[in-house]
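Down below is the structure, laid out as structure tokens.
Both ligands and their constituent atoms are indexed starting at 1 by order of listing.
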Amino acid sequence: MEAPQAPKQMYNEFTLASITHLSSSSSPPTLSPVARFCSDSGFSELRFEQGHEPVNFNLQKTQLFKLGPTESLCILEGSETVKETIYSRGITIQFRNKEESTSFHYAFDQCKKEVNAQGSNLPNGTALESKSKFDDKIEASSAKMYFHYYGQLLHQQNMMQDYVRTGSYYAAVIENRADFAGRVVVDVGAGSGILSLFAAQAGAKHVYAVEASEMAEYARKLIAGNPLLSQKITVIKGKVEDVELPEKADILISEPMGTLLINERMLESYVIARDRFLVPNGKMFPTLGRIHMAPFSDEYLYIEIANKALFWQQQNYYGVDLTALHGTAFQGYFSQPVVDAFDPRLLVAPAISHVINFTTVKEEDLYEINVPLKYTSPVGTRIHGLACWFDVLFDGSTVQRWLTTAPGAPTTHWYQLRCVLSQPLYVMPGQEIVGHLHMIAHSAQSYTINLTMSVKMWGPGAEQGGILQTSSCKLDLKEPYYRMSQPQAYSLTQDQQPQQLLQTQVLICFVV
Ligand SMILES: C[S@@+](CC[C@H](N)C(=O)[O-])C[C@H]1O[C@@H](n2cnc3c(N)ncnc32)[C@H](O)[C@@H]1O
């Protein structure tokens with residue numbers, strides 16, 4: 001067969017013999033319509049012009065089939081939704097001759113190739129073509145910023161310099177040599193490659209270090225700089241959702257934890273890597289994670305946040321009354337979770353824990369997490385919200401090791417997180433606090449948090465379960481307020497019973 005002649009110009013115009021819309025096949029075919037490849041609207045389109053009403057087919061979603069030498073069928077997938085049913089649109093094209101048909105098909109294929117090559121770099125920045133499970137659920141702009149961040153050495157250094165974190169990983173690996181020696185390891189999100197190097201030190205047979213960001217190049221360099229270990233490590237640049245590995249892994253190692261454990265949504269990638277690469281009953285380091293939640297009382301923090309909105313209470317800011325925006329600003333400040341290291345004496349009751357077992361959890365289970373809350377306050381105080389932190393377990397065959405981010409424990413770069421209520425709750429000693437912490441994943445690699453806390457009636461009538469006060473807030477885990485103070489000595493004027501609370505905290509953090 002003769003190779004088709006390239007059309008003189010791409011994005012060409014073709015005069016056709018006729019076109020027929022499949023959805024209105026009873027109407028007579030329109031004569032001498034024009035088909036044009038263009039990108040006027042920012043998308044690459046195939047435009048059919050017939051009279052006044054052009055019909056546009058987005059090339060990303062369009063397929064072209066040959067029905068005969070001069071007849072073709074053009075289908076635009078899923079172009080219309082009627083009552084939740086998705087319909088495609090189709091047009092049969094009659095060409096004036098074989099040559100024009102060939103030329104049109106060639107132009108179509110070339111434009112299609114260009115569109116696919118552009119991928120997520122389309123003019124409006126939207127990724128129309130889903131390439132992987134990751135791209136399906138994560139906004140391209142978020143992923144771009146995320147991997148740009150991790151592609152920089154300074155951010156990898158920041159994590160490596162968290163010695164609580166990195167030291168715990170090192171100890172967990174080296175103390176559990178038996179789990180690594182002679183085994184195939186996959187490092188999920190290898191970053192600088194540091195965990196791969198630990199695994200190689202522990203005698204791994206081979207380590208596949210999978211890293212999606214530009215950091216993969218630095219990891220190669222770092223690993224090559226350690227020749228005794230480098231023979232055993234292969235760096236693979238790509239997302240764990242997409243890459244292929246030559247063999248299955250006996251053990252996965254990863255550091256997929258974000259603020260509150262779940263921020264960044266990397267746990268999902270860890271679970272996908274498990275399903276793609278791990279042998280049945282293979283090990284995962286870390287093995288499980290727990291989110292701990294406890295009510296707290298912190299008058300200073302509350303006032304600090306409320307005061308931020310005071311700016312908007314000015315009635316004469318260069319002659320302008322700002323008060324119309326005070327309410328919005330006030331709510332805005334309370335929609336930011338606070339990240340800092342706080343004194344554990346601020347906790348009002350023992351924590352409740354939500355366990356995520358990485359070896360069994362389904363990826364979808366991480367899309368929405370709902371934790372019922374129930375506490376009894378041992379003291380009378382004002383509750384300002386919910387304090388949260390996490391820990392992970394390395395369930396080694398030799399040693400079980402925990403890495404904790406609890407308040408009062410050595411501070412990590414994750415600190416702790418507090419959801420602050422704009423309406424604090426008053427509790428009496430012995431009163432019950434109930435509520436929910438509801439976390440819903442969003443496409444910017446984080447979660448929307450809905451917190452509701454209620455204080456049940458105390459005293460006569462409490463058996464009826466009446467509710468006195470309810471307070472709730474909605475926060476975006478992606479937009480925290482980094483307060484980052486070191487633990488401070490809090491004065492006893494905050495209605496605290498330090499000794500009792502300290503004991504509570506010790507119980508929560510270290511009895512596992
Ligand atoms: C928290 S850092 C940990 C880096 C390194 N493992 C360490 O412990 O120092 C997470 C790393 O995983 C990478 N990453 C995140 N999601 C990924 C994915 N789906 N596929 C491959 N790498 C990913 C990030 O680019 C980042 O370098």
Side-chain angles (χ1 to χ4, degrees), residues 130-140 142-173 185-201 204 207-223 233-245 249 251-277 284-286 289 358 363 366 390 392 394 403 405 412-415 441 443-446:
S130 288
K131 291 195 200 74
S132 76
K133 214 163 185 181
F134 185 97
D135 299 334
D136 273 344
K137 61 185 184 186
I138 303 299
E139 272 169 38
S142 170
K144 195 174 169 189
M145 277 177 68
Y146 178 76
F147 289 121
H148 175 74
Y149 175 92
Y150 278 122
Q152 295 172 53
L153 266 185
L154 78 142
H155 297 301
Q156 299 287 339
Q157 179 181 338
N158 182 42
M159 292 182 287
M160 291 166 82
Q161 282 181 321
D162 176 346
Y163 293 102
V164 176
R165 178 202 90 115
T166 313
S168 295
Y169 270 86
Y170 181 75
V173 173
V185 183
V186 172
D187 182 355
V188 179
S192 62
I194 191 69
L195 302 184
S196 299
L197 288 157
F198 291 172
Q201 283 178 2
V207 188
Y208 296 97
V210 183
E211 171 58 40
S213 77
E214 296 303 317
M215 188 50 52
E217 293 307 324
Y218 294 109
R220 282 197 183 106
K221 233 175 163 175
L222 185 68
I223 289 162
I233 305 173
T234 306
V235 176
I236 296 168
K237 183 163 185 249
K239 299 191 190 93
V240 289
E241 288 83 353
D242 305 341
V243 298
E244 297 299 334
L245 301 182
I251 179 163
L252 298 187
I253 189 162
S254 185
E255 198 274 77
M257 297 92 77
T259 310
L260 190 61
L261 182 65
I262 53 178
N263 192 31
E264 301 178 28
R265 296 187 63 182
M266 197 185 154
L267 288 182
E268 292 162 47
S269 300
Y270 190 32
V271 165
I272 290 170
R274 175 199 70 196
D275 296 341
R276 296 194 68 211
F277 307 130
M284 292 177 79
F285 266 42
F358 304 139
E363 184 215 342
L366 298 166
F390 69 87
V392 292
F394 300 91
L403 164 56
T405 66
T412 68
H413 77 288
W414 290 286
Y415 299 86
S443 58
Q445 291 169 282
S446 192

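Among all protein heavy atoms, the one lying closest to atom 5 (C) of ligand 1 is Ala190 O, 3.3 Å. In this structure, the protein non-hydrogen atom closest to atom 9 (O) of ligand 1 is Arg165 NH2, 2.9 Å. In terms of protein heavy-atom proximity, atom 26 (C) of ligand 1 is closest to Tyr150 CG, 3.4 Å. The closest protein non-hydrogen atom to atom 12 (O) of ligand 1 is Gly189 CA, 3.1 Å. The closest protein non-hydrogen atom to atom 27 (O) of ligand 1 is Glu211 OE1, 2.9 Å. Closest protein heavy atom to atom 20 (N) of ligand 1: Val240 N, 3.0 Å.
Against a heavy-atom cut-off of under 4.0 Å, Lys239 is close to the following atoms of ligand 1: 20 (N), 21 (C). Ligand 1 places these atoms under 4.0 Å from at least one heavy atom of Ser269: 19 (N). Each of the atoms 20 (N), 21 (C), 22 (N) of ligand 1 lies under 4.0 Å from some heavy atom of Ala212. Shown in contact with Glu241 at under 4.0 Å from a heavy atom are these atoms of ligand 1, numbered in order with element: 18 (C), 19 (N). Shown in contact with Gly238 at under 4.0 Å from a heavy atom are these atoms of ligand 1, numbered in order with element: 20 (N), 21 (C). Taking every heavy atom of Ile194 and a limit of under 4.0 angstrom, the matching atoms of ligand 1 come to 7 (C), 9 (O). Every atom of ligand 1 with a heavy atom of Met159 under 4.0 Å away is listed here by number and element: 1 (C), 2 (S).
Residue Met266 holds the heavy atom nearest to atom 16 (N) of ligand 1 of all those in Glu255, Gln152, Gln156, Met266.
For ligand 1, the polar-atom distance check against Phe134 finds no nitrogen or oxygen pair separated by under 3.5 Å.
The residue Ser254 has no part lying near ligand 1, judged by heavy-atom distances below 4.0 Å. At a 4.0 Å heavy-atom cut-off, ligand 1 touches Tyr146 through the side chain alone.
Residues that satisfy the ring-ring contact (aromatic ring centres under 6.0 Å, His included) test with His413, not counting sequence neighbours, are absent from this structure.
Between Phe358 and Tyr270, a ring centre-to-centre spacing shorter than 6.0 Å is recorded. Taking the six-membered ring for Trp, Phe198 and Phe394 have ring centres at least 6.0 Å apart. With ring centers used as reference points, Phe285 lies 6.0 Å or more from Tyr169.
Interatomic distance, CG of Leu261 versus CE of Met266, reported as 12.0 Å (0.5 Å rounding). Note that the CE atom of Met284 and the CG atom of Leu252 stand 5.0 Å from one another [nearest 0.5 Å]. The NZ atom of Lys239 lies 14.5 Å from the NZ atom of Lys133; values are rounded to the nearest 0.5 Å. Between the CZ atom in Arg220 and the OG1 atom in Thr234 there is a gap of 9.5 Å [rounded to 0.5 Å].
The closest donor-acceptor contact from the side chain of Arg165 to the backbone of Met159 lies under 3.5 Å.
In summary, the side chains of Glu264 and Tyr150 do present a donor paired with an acceptor at a separation below 3.5 Å, with no hydrogens or angles considered.
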